[in-house]
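Heads up: the structure comes next, in structure tokens.
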Amino acid sequence: MKDPRIIVALDFSSAEQALLLAKKLDPMLCRVKIGKELFTAAGPMIVEKLMSKGFEVFLDLKFHDIPNTVANACRVAADSGVWMINVHALGGKRMLVAARDALPLGGTKLIAVTLLTSIGSDDLESIGLNNEPGNVVQKLAWLAYSCGLDGVVCSALEAAQLRQTMGADFCLVTPGIRPVDALTDDQNRIATPQMAIQNGADYLVIGRPISQAADPLLMLQHLNKEIEAQLTTD
Ligand code: C5P
């Protein structure tokens, strides 16, 4: 598969658990995401190990700090050879531009988190942002775009509008994906893989539906088929 659309979230507290799942997957059929939990437990070693097994890695550390600190962290992350990294768009224009300038163009993809999907209107008000979450997402996505970032993380439900405003080349990465007949776990605003692709998502972050499947590889193949079917009808 040329450009696998699924990014499997390795949400584990040890390298052993992550490697056990990775062993059941195929780097030709997916990429993997290392988040704060796994990286805090296992460090750069797990990034190297997964890359040595052929997996392209999305290092999901959501940097958010002063521009100089974020730029340096992005540089170190990109030097490790990972496929994708991210920062918080709420860090503002100078931070986003510093992160962009720290990375060679055409190398590691740099995307931004707009608003966390866990943030609602009440949360926004309590931090002094008197606006609707949807408007804030649009504003932050536009900021990321205008600072030259490669894309944003967004819910599949936000993807359609962002695809329209941001154009075809802006990368949309969507978590909160559930197969039609799956448990929702703690996710609220979920979409099926077909819906996400139909709405313009490029990459789908999928954790538990794959990691907790009886046969993770079979589930991955099944989800890839759903995605392929949608891509060919678009
Ligand atoms: O297991 P599940 O498919 O729900 O995992 C989704 C992954 O995407 C987790 O790693 C979670 O932290 C991440 N994520 C999310 N919602 C966001 C951003 C990231 O679920 N808005």
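When a ligand or atom number is given, it counts from 1 through the structure's own listing order. Values in this document were obtained by computation on a predicted structure and should not be read as measured data.
- Within 6.0 Å of NZ on Lys49 lie no more than 12 heavy atoms contributed by other residues, nucleotides or ligands.
- Contact residues for ligand 1 (protein heavy atom closer than 4.0 angstrom to any ligand atom): Ala9, Asp11, Lys33, Thr117, Pro175, Arg178, Gln187, Val205, Ile206, Gly207, Arg208, Pro209.
- Within 6.0 Å of OH on Tyr145 lie no more than 12 heavy atoms contributed by other residues, nucleotides or ligands.
- Annotation for Asp3: atom CG counts as buried by contact number, over 12 foreign heavy atoms lying within 6.0 Å.
- Annotation: Lys93, atom NZ; neighbour count of heavy atoms from other residues, nucleotides and ligands within 6.0 Å does not exceed 12.
- In this structure, Gln230 places its CD atom where more than 12 heavy-atom neighbours from other residues, nucleotides or ligands lie under 6.0 Å away.
- For Arg5 (side chain) and Ile227 (main-chain N/O), no donor-acceptor pair under 3.5 Å exists by modelled atom type.
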